[in-house]
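Here's the structure we're looking at; comments come further down.
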Amino acid sequence: MKILADENMPYVQQLFGDLGTIETVNGRELTAEQVSDADVLLVRSVTTVNAALLSLNSKLKFVGSATIGTDHIDTELLASRGIPFSNAPGCNATAVGEFAFIAMLELANRFGDNLKTKTVGIVGAGNTGTAVAKCLAAYGVSVLMHDPVIADSDPRDFISLDQLISRCDVISLHVPITKTGEHKTWYLFDETRLKSLKQGTWLLNCCRGEVIDNRALIKVKQQRHDIKVVLDVWEGEPNPMLELIPFVELATPHIAGYSLEGKARGTYMLYQKLMQVLELNTEKSMTSLLPALWSEQMSIDSVPNEKALLQLSRFIYDLRDDDEQFRAMILNHSSKNSRVNCANNNGFDLMRKNHKHRREFSALRVVSTGQSDVNWLSNLGFSRIGL
Ligand SMILES: NC(=O)C1=CN([C@@H]2O[C@H](COP(=O)(O)OP(=O)(O)OC[C@H]3O[C@@H](n4cnc5c(N)ncnc54)[C@H](O)[C@@H]3O)[C@@H](O)[C@H]2O)C=CC1
Ligand SMILES: O=C(O)C(=O)[C@H](O)COP(=O)(O)O
C-alpha cells in the first residue's frame with residue numbers, strides 16, 4: 001500500500017509505517033501525477049483535494065486531513081467516488097483556545113489593561129470557541145456567545161451578532177469558512193461590521209482569514225487606532241496583504257493550532273479512522289508518541305495575579321516570539337524578492353514548516369506550596385500534582 005503524506009505531519013512513520021510505503025510530499029505543491037498511484041492520501045489544510053488532484057488516480061482507499069477545517073476538501077467528490085474521508089475534528093481545539101487566551105493576556109499587558117474586567121464575545125461556539133471560553137471561564141472572565149447554527153439545539157445562551165458587537169470588549173472568531181447559506185461566514189466582518197465595533201474593541205481571528213474582509217480592515221484601521229487586532233489567519237494565505245501587518249498587534253502565520261499535542265492528535269485520529277476503514281485493530285496509542293513533560297513542575301506560593309498568569313503562560317508559549325519572527329520573515333522575504341508571491345517557499349510557509357511546536361498548558365504541572373487555591377489553574381488546563 002502506498003501512503004502519500006504531507007511532510008508537515010508528525011508521527012506518520014510511527015503510526016502508518018507498518019501499513020505500507022510512506023512518501024512525504026510538499027502539500028502546497030502536490031500534483032495529480034504524484035497522487036496517481038497512492039492508496040492513501042494524508043493532507044493538511046494547504047492541499048486542495050479536488051477533481052484535478054485526483055484525476056489520475058483510480059485506486060484511492062482513503063483520504064484524511066489532519067485538520068479541523070475541511071474547506072480545502074471536495075467532500076462531495078470523494079463521496080461520489082466512494083472514497084472514505086475523515087478530518088480530525090477538535091484535534092487542535094485546545095491549542096487554539098490557549099493561543100487566543102494568551103493573546104488576550106498579552107494585549108491586556110501591552111495596553112495596561114485588565115483582561116479580567118472585560119466581556120469577551122465568542123463567534124462560533126464549536127470546539128475551538130468552547131476551548132477559549134473554557135480558559136476565560138476558569139480565569140473568571142465574562143463570556144457571551146453567538147452561534148445561530150446551534151442556538152436552538154445547544155443548552156448554552158446565545159445572542160445575536162449585533163448584540164455581541166455592541167456588548168463585548170473583545171471578540172474572538174471561531175467559525176468555519178462558508179461561502180453560501182443563511183449563515184455564511186465569508187467576510188462576516190465586512191467594512192460595515194468593522195466600523196460598528198465599539199470603541200477600543202480587541203478583535204482576534206484564529207479561524208480562517210476570509211472571515212474578515214482584510215482590505216476593509218486596513219481601511220478601518222487607518223481611521224480607528226482604538227481597535228486592536230490579533231491575526232493568526234489572513235485573507236489570501238500564504239500571501240497576506242503586507243499593508244495590513246503593521247496594523248496588527250500580534251501577527252502569526254496560521255499556527256494557533258500548532259501545539260505538539262494538537263498535531264499528534266490530528267495524525268492519530270486519521271490513523272484510527274484508516275484502521276477502521278481497513279477493518280484492522282488500532283494497536284498504537286497516542287500518549288506513547290508524545291515526549292514526557294518538559295518540566296517537572298512549577299511551584300506557586302500565592303494566587304497569581306494577571307501579570308503572574310501571563311508569565312506562567314509565557315513559560316508555556318511566548319507568543320511575542322512568533323509575532324517577531326513572523327514580521328521579520330515576511331518583510332525580509334518581500335524585500336528580497338520585491339513581492340511575497342511565490343507559492344512554496346515564502347516566509348509564511350517557511351515559518352510554518354520550521355515551527356517548533358509548543359506544548360499545551362497540560363504539559364506543565366503546577367503545585368501550590370502555600371494555602372492558596374490554585375484549582376482554577378487546572379480548570380484553565382494546567383496539570384496538578386495528584387490530578
Ligand atoms: N488557526 C488555526 O490554526 C486553526 C483554525 N481552525 C479553523 O477554525 C474553525 C472552527 O473550528 P472548530 O471550532 O473546531 O469548528 P466547529 O465545527 O467545532 O465549530 C464551528 C462553530 O461555528 C458555528 N458557526 C457556523 N457558521 C456560523 C456563523 N455564521 N456565525 C456564528 N457561528 C457559526 C458552527 O455552528 C459551529 O458551532 C475551523 O473550521 C477552521 O477553519 C481550526 C483549527 C486551527
Ligand atoms: O485544523 C485546522 O483547520 C487548521 O487550520 C490547521 O491547524 C492548519 O494547519 P495546517 O494543516 O495548515 O498545517
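Atoms within each ligand, like the ligands themselves, are counted from 1 in listed order. For clarity, every value in this text was computed on a predicted model and none was experimentally measured.
Between Phe382 and Trp376, the ring center distance fails the sub-6.0 Å criterion.
Annotation: Asp157, atom CG; neighbour count of heavy atoms from other residues, nucleotides and ligands within 6.0 Å does not exceed 12. Heavy-atom contacts from other residues, nucleotides or ligands closer than 6.0 Å to NZ of Lys219 number 12 or fewer. Summarising the local packing, CD of Glu243 is surrounded by more than 12 heavy atoms from other residues, nucleotides or ligands at distances under 6.0 Å. Annotation for Gln222: atom CD counts as buried by contact number, over 12 foreign heavy atoms lying within 6.0 Å.
Remark: ligand 1 atoms within the under-4.0 Å shell around heavy atoms of Val233 are 1 (N). The contact set between ligand 1 and Arg208, taken as ligand atoms under 4.0 Å from a residue heavy atom, comprises 5 (C), 6 (N), 7 (C), 40 (C), 41 (O). Annotation for ligand 2: atoms under 4.0 Å from non-hydrogen atoms of Arg352 are 8 (C), 9 (O), 10 (P), 12 (O), 13 (O). Close contacts between ligand 1 and His254 involve ligand atoms 1 (N), 2 (C), 3 (O) [criterion: under 4.0 Å to a heavy atom]. Taking every non-hydrogen atom of Arg208 and a distance limit under 4.0 Å, the qualifying atoms of ligand 2 come out as 2 (C), 3 (O), 4 (C), 5 (O). Every atom of ligand 1 with a heavy atom of Gly257 under 4.0 Å away is listed here by number and element: 2 (C), 3 (O). In summary, the atoms of ligand 1 found under 4.0 Å from a heavy atom of Thr128, numbered by their order in the structure, are 10 (C), 11 (O), 12 (P), 13 (O), 14 (O). Taking every heavy atom of His146 and a limit of under 4.0 angstrom, the matching atoms of ligand 1 come to 30 (N), 31 (C), 32 (N). Contact atoms of ligand 1 toward Ile150: 35 (O), 37 (O) (distance under 4.0 Å to a heavy atom of the residue).
Residues Tyr268 and Leu274 share a hydrophobic cluster, clusters being chains of Ile/Leu/Val/Met/Phe/Trp/Tyr side chains in contact below 4.5 Å. There is a path of hydrophobic side-chain contacts, each under 4.5 Å, that joins Val220 to Leu197. No continuous path of hydrophobic side-chain contacts links Leu188 to Ile68 [ILVMFWY only; heavy atoms under 4.5 Å].
A perpendicular orientation is assigned to the rings of Phe361 and Phe101, their planes being inclined by more than 60° (bins at 30° and 60°).
Ranking the protein heavy atoms by distance from atom 15 (O) of ligand 1 puts Ile68 CG2, 3.9 Å first. Among protein heavy atoms, atom 11 (O) of ligand 2 sits closest to Ser45 N, 2.8 Å. Nearest protein heavy-atom contact of atom 8 (C) of ligand 2 is His254 NE2, 3.4 Å. At the top of the distance list for atom 13 (O) of ligand 2, counting protein heavy atoms only, stands Tyr258 OH, 2.4 Å. Shortest contact from atom 8 (O) of ligand 1 to any protein heavy atom: Cys207 CB, 3.5 Å. Of the protein's non-hydrogen atoms, Asn127 N, 2.8 Å is the one closest to atom 18 (O) of ligand 1. Closest to atom 19 (O) of ligand 1, if we only count protein heavy atoms, is Gly126 CA, 3.2 Å. Closest protein heavy atom to atom 29 (N) of ligand 1: His183 O, 2.8 Å. Looking from atom 39 (O) of ligand 1 to the surrounding protein, the closest heavy atom is Pro176 CA, 3.4 Å. When hydrogens are left out, the protein atom nearest atom 2 (C) of ligand 2 is Ile68 N, 3.3 Å; that is the closest non-hydrogen contact. The nearest protein atom to atom 33 (C) of ligand 1, hydrogens excluded, is given as Val175 CG1, 3.4 Å; this is a heavy-atom distance.
With respect to Lys353 and Asp349, no salt bridge is recorded, no charged nitrogen being found less than 4.0 Å from a carboxylate O. Between Lys195 and Glu191, at least one side-chain nitrogen of the basic residue sits less than 4.0 Å from a carboxylate oxygen of the acidic one, meeting the salt-bridge criterion. Salt-bridge formation is not detected for the pair Arg358/Asp322: no Lys NZ or Arg NE/NH1/NH2 atom is positioned less than 4.0 Å from an Asp or Glu carboxylate oxygen. One finds no salt bridge joining Arg208 and Glu235 here, because no Lys/Arg side-chain nitrogen approaches an Asp/Glu carboxylate oxygen to under 4.0 Å.
A heavy-atom distance below 4.5 Å is found between the side chains of Val229 and Lys221. Side-chain contact between Thr128 and Thr94 is absent, with no heavy-atom pair separated by less than 4.5 Å.
Counting only non-hydrogen atoms, the option in Ala88, Gly90, Gly69 that gets closest to atom 3 (O) of ligand 2 is Gly69. Nearest residue to atom 10 (C) of ligand 1 from Arg352, Lys184, His174, Glu182 is His174 (criterion: closest heavy atom).
By the 6.0 Å and 45° rule, Lys263 does not stack over the aromatic ring of Tyr11. A cation-pi arrangement is present between Lys228 and Phe111, with the terminal nitrogen or guanidinium carbon under 6.0 Å from the aromatic centre and inside a 45° cone about the axis.
Distances between N or O atoms of Lys263 and those of ligand 2 include no value under 3.5 Å. Considering both main-chain and side-chain atoms, Thr185 never comes within under 3.5 Å of ligand 1 through any nitrogen or oxygen pair. In terms of N/O distances under 3.5 Å, ligand 1 is approached by Asp147.
Residue contacts with ligand 1 include Pro148, since one of its heavy atoms falls under 4.0 Å from the ligand. Contact between Cys206 and ligand 1 is present, with at least one heavy atom of the residue lying under 4.0 Å from the ligand. The shortest heavy-atom distance from Asn92 to ligand 1 is under 4.0 Å.
Only the side chain of Asn92 comes within 4.0 Å of ligand 2, judged by heavy-atom distances. The part of Asp232 lying near ligand 1 is the side chain, judged by heavy-atom distances below 4.0 Å. Using a 4.0 Å cut-off between heavy atoms, Thr70 makes no contact with ligand 1 at all.
Under the side-chain contact (heavy atoms from CB on, under 4.5 Å) test applied with Ile122, the options Val170, Leu136, Ile171 reduce to a single match, Leu136.
Distance screen at 4.0 Å: atom 22 (O) of ligand 1 has a protein heavy-atom neighbour inside the cut-off.
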